[in-house]
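Presented below is the structure to which this report refers.
Throughout, a chain's letter reflects where its sequence line sits, starting with A, and its residues are numbered from 1.
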Protein chains: 2
Amino acid sequence: MEDQNPLLLESQICFKIYTLEREITKLYRNLLEDLDMTYPQYLVMLLLWEKDAMTVKEIGKRLFLDSGTLTPMLKRMEVNGIIERKRSAKDERSVIISLTNKGKELKEKAECIPSKLVEDISMDNAELTILNKTLTNMLYRLQGETTSN
Amino acid sequence: MEDQNPLLLESQICFKIYTLEREITKLYRNLLEDLDMTYPQYLVMLLLWEKDAMTVKEIGKRLFLDSGTLTPMLKRMEVNGIIERKRSAKDERSVIISLTNKGKELKEKAECIPSKLVEDISMDNAELTILNKTLTNMLYRLQGETTSN
DNA sequence: TATTATTTAATTGTACACAATTTAATTTTA
DNA sequence: TAAAATTAAATTGTGTACAATTAAATAATA
């Protein structure tokens, strides 16, 4: 099973992660269609459902996204009426993102998503646990390099 | 280690894959900077270095990308002088993508990339093998659903 | 305290990604 | 063979990503 040619596309784990990410986004696209949000937007909502009212900075830190991505995305979410954006009174540099009532109400409709997703993926728990561990390990190594500057 | 709240962000494998994909793209960005190409463009080049002259259709099938992504990307690669695009004489609907001399010459400069990447990731072979297997499995399940329509 | 440095978002510009539609060419079939 | 169906790219429109820069506010310090 050794790889003769390191340039051979199929042998590359990175390509699989690249492809898998898009397949997963596709799954979420279907699951989130009713909620009228995208996967990255759903990630923001997960944070806010867990703890309402966070700054853009905090959200960026948790999702590893910068303002160039978040600012326009959060504006779209504001237009859709699921979040509010307002400057912090304490520190005018910061923008606080909080849920609207509509945004809060969506939580209930989203509760079923993780289980549906696990169903779609249809892998047994043992394998998922190993995968989770390996991904965590890999992520730790890569982010150790990247976030240290 | 069981998860109380299934909506908790950190517990989600999908988020890790989403994050990992961007970390990997970041690694490639650095490695490919000299070659003046992006990661998706590099994937196209891998295919062409392996077998020159493919249609857009074939490339899309291998990379799971559609013409909405490929057409503008291939045009950029053409502008950069690494590939050529021309209509097939046999079937005017198809566009054949082939390497220019500059594109062929880049292969040599790219030979070192996989090893550098493995170095950056710095995971042992056993773990990489398991990861590869699990990713393949997961991909098989997801694409089995998605590509069947 | 006035100046400098840092921090937080926003902005600008480039490059994917993909759904949906359009256009042109080729096949199929009535 | 003419009409209908299919196929391959291109186009249109929306939504991330991210590097690099800018603007405004706050913190640090000379």
Side-chain angles (χ1 to χ4, degrees), chain A residues 15 18-30 32-33 35-45 54-61 63-80 82-83 85-97 146-147 149, chain B residues 15 18-30 32-33 36-44 54-80 82 85-97 146-147 149:
Chain A
F15 175 64
Y18 164 72
T19 306
L20 200 50
E21 190 276 331
R22 287 181 295 132
E23 287 297 334
I24 287 170
T25 302
K26 214 172 288 175
L27 284 186
Y28 273 108
R29 206 179 346 264
N30 294 330
L32 293 170
E33 201 170 28
L35 307 190
D36 193 34
M37 59 175 86
T38 65
Y39 178 56
Q41 289 174 14
Y42 169 71
L43 293 176
V44 171
M45 294 303 274
M54 308 179 69
T55 64
V56 173
K57 177 79 180 171
E58 284 178 278
I59 294 172
K61 199 170 180 181
L63 302 184
F64 310 104
L65 294 170
D66 71 4
S67 66
T69 301
L70 287 174
T71 298
M73 188 172 107
L74 293 169
K75 281 180 179 175
R76 281 188 287 273
M77 294 170 77
E78 189 181 35
V79 168
N80 287 347
I82 57 178
I83 63 156
R85 300 161 63 244
K86 56 170 173 256
R87 291 270 162 193
S88 163
K90 216 174 60 196
D91 184 340
E92 289 278 346
R93 289 172 303 183
S94 296
V95 168
I96 297 172
I97 306 298
T146 322
T147 53
N149 55 8
Chain B
F15 176 64
Y18 165 72
T19 306
L20 200 49
E21 189 276 332
R22 288 181 294 133
E23 286 297 333
I24 287 170
T25 302
K26 214 172 288 175
L27 284 185
Y28 274 108
R29 203 176 352 261
N30 294 330
L32 293 169
E33 202 171 27
D36 193 32
M37 59 176 85
T38 65
Y39 179 56
Q41 289 176 16
Y42 169 72
L43 292 176
V44 171
M54 308 178 69
T55 63
V56 173
K57 178 80 179 170
E58 284 178 279
I59 293 172
K61 199 171 180 179
R62 295 286 294 277
L63 302 184
F64 311 104
L65 293 171
D66 71 4
S67 66
T69 301
L70 286 174
T71 298
M73 189 172 105
L74 293 168
K75 282 181 178 172
R76 280 187 290 272
M77 294 170 77
E78 189 181 35
V79 168
N80 287 347
I82 58 179
R85 301 159 63 244
K86 56 170 174 257
R87 291 269 161 194
S88 164
K90 216 173 59 193
D91 184 340
E92 289 278 348
R93 289 172 302 181
S94 297
V95 168
I96 296 171
I97 306 299
T146 322
T147 53
N149 54 7

message: According to side chain to side chain donor-acceptor pair (under 3.5 Å), who are the partners of Q41(B), at least two apart in sequence or on a separate chain?
response: none
- prompt: What integer distance in Å separates L70(B):CG from dA8(D):C1'?
  reply: 12 Å
- request: Taking side chain to side chain contact (heavy atoms under 4.5 Å, CB included) as the test, write out the residues that go with S88(A), two or more places apart.
  value: K90(A), D91(A), S94(A), I96(A)
- line: Separation of dT6(D) atom C1' from K57(B) atom NZ, nearest Å, is 11 Å
query: Could you state the CD1-C1' distance from I97(B) to dA8(D), rounded to the nearest angstrom?
result: 12 Å
statement: From CZ of F15(B) across to P of dT16(D) the rounded distance in Å is 15 Å
- request: May I have the distance from E33(B) (atom CD) to dA19(D) (atom P), rounded to whole angstrom?
  value: 10 Å
message: Would the distance check show the side chain of D66(B) and the main-chain N or O of G68(B) forming a donor-acceptor pair, the cut-off being under 3.5 Å?
response: yes
query: Could you give the CG-to-C1' distance, from L27(B) to dC18(D), as a whole number of Å?
result: 15 Å
Name the pairs: protein N/O against N/O of nucleotides 24-28 of chain D, kept only if under 3.5 Å.
residue : atom : partner : partner atom : Å
dT26(D) : OP1  : E92(A)  : N            : 3.2

field: Protein-nucleotide distance (K61(A), atom NZ; dT7(C), atom C1'), rounded to Å
entry: 13 Å
message: Could you report the tightest heavy-atom contact between L65(B) and L70(B), atom names first, then the distance?
response: O-CD1, 3.8 Å
- request: Could you tell me whether T55(A) contacts a base, only the sugar-phosphate backbone, or nothing, with contacts defined as non-hydrogen atoms closer than 4.0 Å?
  value: sugar-phosphate
message: Applying ring-ring contact (aromatic ring centres under 6.0 Å, His included), can you list everything that pairs with Y18(B), at least two apart in sequence or on another chain?
response: Y39(A)
task: List in chain and number order the residues that pass side chain to side chain contact (heavy atoms under 4.5 Å, CB included) with K61(A), two or more places apart in sequence or in another chain; answer none if no residue qualifies.
output: none
task: Determine the minimum heavy-atom distance between R85(A) and L74(A), stating which atoms define it.
output: CD-O, 3.8 Å
field: Side chain to side chain, M45(A) and M77(A), heavy atoms closer than 4.5 Å
entry: yes
Summary of protein contacts for nucleotides 11-18 of chain C, nucleotide by nucleotide, where a base hit scores B, a sugar-phosphate-only hit scores S (4.0 Å, heavy atoms): B---SSBB
- prompt: Do side-chain atoms of N30(B) reach the backbone of E33(B) as a donor and acceptor pair under 3.5 angstrom?
  reply: no
query: Whole Å only: how far is the CG atom of L20(B) from the P atom of dA17(D)?
result: 14 Å
